[in-house]
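Contents: one structure, followed by commentary.
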Amino acid sequence: MAVQSNSLPQTKSNELVRFAFASFSQGFAGFCTNPIDVIKTRMQVDGELQATRSVSEQMQNRYYKGFVRGSLRIIQEEGLAGLMRGAVPGTLRDATYSGMRIYLYEPFKNIFGGGIHLHEKIAAGTCAGAISSFFATPLDVVKIRLQVKGERRYRGLMHGLIDVGKTEGLAGLYKGWAPTMIRAAVLTGSQVASYDQIKRLLIDHGYMQEGLPLHTVASFFAGLICSLTTSPVDVIKTRYQNTPAHLGRYSSVYDCLVQSVKAEGVYGLYKGFLPNWMRLGPHSIIAFLMYDNMCIAVGMKPI
């Protein structure tokens, strides 16, 4: 009995440490990659609903003509500070939502059979992502509106939350909660599950062992995989959340999807893919490297 009473506080302490590691690593990665997130957001709403006949015509009509030229244009017009717009809500969002989804992945993996098979890992990531994202939706709404080009709507995070709450109500703060949950489910189901699966395959086949090189390789491919799976959902979510309710541009998320595809084609759903990958790639590497190595440093099991 004495052993059980001592182990219970230790288990709770370990879980708190694991959550703290997840939150810190995800928040730090979000802050470091915020400039790329700004470029991605600008490119996703660039030329929104402009009817075009071809991909080349879309490229010609863009204000931000690619990742590099888009970056230079933001710096030229707004200075380096323009690349850090939305950094505070973005960092807090990653520290809360992303920290929670990484933390919940292991418990859900145990629920779905221990995560021996790939489909169990995907199911665990999907549930962890969907549940975690709902609570951070207000931060996501303000972050996106701070990042887009134009007159700054809000002075900062708190002003943004209060203004949206006053003018659009609770519905405005949770605008786009459905695509946010879908994106988070797809993101975590593909990113964390692929990271976990790639690590296991490389270890089991004797190619690599637990350590920095393994974490780097696995997180790089995890970033690529989740970029491919999440880009269409991310474009629709960004556009829908960026539009204040009183403008009435989209009647629903589905309407946003239909209008976007009609005007820009399926290609429009992959606007900002390169910066999306260039953000999720480094984000995955930074976050997973930090999280796994912090866990190993204190004797805890990594992902």
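The first residue of the sequence shown is numbered 1, and numbering continues consecutively from there.
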Q) Out of curiosity, Leu274 CG to Phe67 CZ, how far, rounded to the nearest 0.5 Å? A) 6.5 Å
Q) Mind checking whether Ile182 and Ile131 sit in one hydrophobic cluster, side chains of I, L, V, M, F, W, Y counted as touching below 4.5 Å? A) no
Q: Treating Ile, Leu, Val, Met, Phe, Trp and Tyr as nodes and any side-chain heavy-atom pair under 4.5 angstrom as an edge, say whether Phe220 and Leu202 lie in one connected cluster.
A: yes
Q.
side-chain contact (heavy atoms from CB on, under 4.5 Å) for Leu83 and Ile75? Distances and angles first, verdict last.
A. CA-CA 7 Å; Leu83 294 175; Ile75 295 172; 3.8 Å; yes
Q. Do other residues, nucleotides or ligands put more than 12 heavy atoms under 6.0 Å from Gln76 CD?
A. no
Q) Do you see a donor-acceptor pair shorter than 3.5 Å between the side chains of Lys271 and Gln44? A) no
Q. Counting distance only, does the side-chain N/O of Ser23 pair as donor-acceptor with the main-chain N or O of Ala95 below 3.5 Å?
A. yes
Q: Please report the closest heavy-atom contact between Ser25 and Met294, naming both atoms and the distance.
A: CB-CE, 4.1 Å
(Q) Hydrophobic clusters here meaning ILVMFWY residues chained together by side-chain heavy-atom distances under 4.5 Å, can you tell me if Val186 and Leu118 are in one? (A) no
(Q) Before you tell me yes or no, could you show the steps for Ile144 and Lys237 under side-chain contact (heavy atoms from CB on, under 4.5 Å), namely the whole-Å CA-CA distance, both residues' side-chain angles and the distance that decides it to 0.1 Å? (A) CA-CA 10 Å; Ile144 288 172; Lys237 179 187 79 70; 3.6 Å; yes
(Q) Please enumerate all residues that pass ring pair (Phe, Tyr, Trp, His ring centres under 6.0 Å) together with Phe21, with sequence neighbours excluded. (A) none
Q: Would you mind checking if Lys40 and Asp37 are paired as a salt bridge, meaning a charged N to carboxylate O distance below 4.0 Å?
A: yes
**Q.** Exercise: identify the closest heavy-atom pair between Arg145 and Thr243
**A.** NH2-O, 3.6 Å
Q: Would you sort out whether Leu187 and Thr229 count as a side-chain contact (heavy atoms from CB on, under 4.5 Å), showing the intermediate values?
A: CA-CA 7 Å; Leu187 172 67; Thr229 58; over 6 Å; no
Q. For the side chain of Ser132 and the backbone of Gly129, is there at least one donor-acceptor N/O pair under 3.5 Å apart?
A. no
Q) With sequence neighbours left out, what residues match Tyr270 under ring pair (Phe, Tyr, Trp, His ring centres under 6.0 Å)? A) none
**Q.** Which atom of Pro302 lies closest to which atom of Ile296, heavy atoms considered
**A.** CG-CG1, 4.1 Å
Q: Evaluate the salt bridge (Lys or Arg N to Asp or Glu O under 4.0 Å) criterion for residues Lys121 and Glu106: first the C-alpha distance (whole Å), next the side-chain angles of each, then the deciding distance (0.1 Å), finally the verdict.
A: CA-CA 9 Å; Lys121 296 170 184 172; Glu106 291 296 334; over 6 Å; no
Q. Looking at side-chain heavy atoms only, is the closest gap between Gln191 and Thr230 below 4.5 Å?
A. no
Q. Should Gln147 and Lys143 count as side-chain neighbours, where that means a heavy-atom distance under 4.5 Å?
A. yes
Q. Is there a donor in the side chain of Ser284 and an acceptor in the side chain of Ser219, or the other way round, less than 3.5 Å apart?
A. no
Q: May I have the step-by-step check of side-chain contact (heavy atoms from CB on, under 4.5 Å) for Asp292 and Leu214, ending in yes or no?
A: CA-CA 11 Å; Asp292 271 2; Leu214 173 65; over 6 Å; no
**Q.** Spacing of CG belonging to Leu280 relative to CH2 belonging to Trp277, to within rounding of 0.5 Å
**A.** 11.5 Å
**Q.** Any side-chain heavy-atom pair of Phe28 and Thr91 under 4.5 Å
**A.** no
Q.
Treating Asn293 as the side-chain partner and Leu212 as the backbone partner, does any N or O pair qualify as donor plus acceptor under 3.5 Å?
A. no
Q) Could you give the distance from NE2 (His159) to CG (Leu146), rounded to the nearest 0.5 Å? A) 10.0 Å
Q | Nearest-0.5 Å distance that lies between atom CH2 in Trp177 and atom CG in Asp140 | A | 14.5 Å
Q: Compare all side-chain heavy atoms of Tyr64 with those of Ile39 and state whether any distance is below 4.5 angstrom.
A: no
Q) Between Gly223 and Cys226, what is the shortest heavy-atom contact and its length? A) O-SG, 3.4 Å
Q.
For the OG1 atom of Thr41 and the CG atom of Asn34, what is their distance to the nearest 0.5 Å?
A. 8.5 Å
Q) Measuring from Tyr97:OH to Ile102:CD1, what's the distance to the nearest 0.5 Å? A) 8.5 Å
Q) Do you know the tightest heavy-atom contact between Ala218 and Lys199? A) CB-CG, 3.6 Å
(Q) Within the 4.5 Å heavy-atom criterion, are Leu157 and Leu139 side-chain neighbours or not? (A) yes
Q.
Does Met300, at its CE atom, have more than 12 non-hydrogen atoms belonging to other residues, nucleotides or ligands within less than 6.0 Å?
A. yes
(Q) Quick check on Tyr63: does its OH atom have over 12 non-hydrogen neighbours (other residues, nucleotides or ligands) under 6.0 Å away? (A) yes
Q: Indicate yes or no for a side-chain donor-acceptor contact from Ser252 to the backbone of Asp255 under 3.5 Å, with no hydrogens or angles considered.
A: yes
Q) Under a 4.5 Å cut-off applied to non-hydrogen side-chain atoms, are Ile236 and Ser260 in contact? A) yes
Q | Partner set under ring pair (Phe, Tyr, Trp, His ring centres under 6.0 Å) for Phe19, not counting sequence neighbours | A | Tyr103
Q.
So that I can tick it off, tell me whether Arg42 and Asp46 are bridged by a salt bridge, with the cut-off set at under 4.0 angstrom between side-chain N and carboxylate O.
A. no
(Q) Does the structure place the NZ or CZ of Arg101 under 6.0 Å from the centre of the six-membered ring of Tyr105, at an angle of no more than 45° from the ring's axis? (A) no
Q.
Under a plain distance cut-off of 3.5 Å, with no hydrogens placed, do Thr137 and Gln241 share a side-chain donor-acceptor pair?
A. no
Q. Given side chains that start at C-beta, do those of Leu92 and Pro89 come closer than 4.5 Å, heavy atoms only?
A. no
Q. Side chains of Ser231 and Asn276: is there a donor and an acceptor less than 3.5 Å apart?
A. yes
Q) Below 4.5 Å, heavy atoms only, C-beta onward: do Ile203 and Met208 meet side chain to side chain? A) no
Q: Not counting sequence neighbours, which residues clear side chain to side chain donor-acceptor pair (under 3.5 Å) with Ser194? List them please.
A: none
**Q.** Pair Tyr240-Arg249, side-chain donor/acceptor within less than 3.5 Å
**A.** no
Q | Nearest heavy atoms of Leu173 and Val141, plus distance in Å | A | O-CG2, 3.6 Å
Q. Do Gln259 and Arg239 meet the criterion of a side-chain donor-acceptor pair at a distance under 3.5 Å?
A. no
Q | Short side-chain to backbone donor-acceptor contact, Arg18 and Lys301, under 3.5 Å | A | yes
Q. Linking I/L/V/M/F/W/Y whenever any side-chain heavy atoms sit under 4.5 Å apart, do Tyr250 and Val261 land together?
A. yes
Q: Using salt bridge (charged side-chain N to carboxylate O under 4.0 Å, His left out) as the criterion, list what pairs up with Asp94, not counting sequence neighbours.
A: Arg279
Q.
Applying a strict under-4.5 Å side-chain criterion to I, L, V, M, F, W and Y, I'd like to know whether Met181 and Val142 cluster together.
A. yes
Q) For Phe134, what residues pass the ring pair (Phe, Tyr, Trp, His ring centres under 6.0 Å) criterion, not counting sequence neighbours? A) Tyr174
Q.
I'd like to know if the side chain of Glu77 reaches the main chain of Ile74, judged simply by a donor and an acceptor atom lying under 3.5 Å from each other, with no hydrogens or angles considered.
A. no
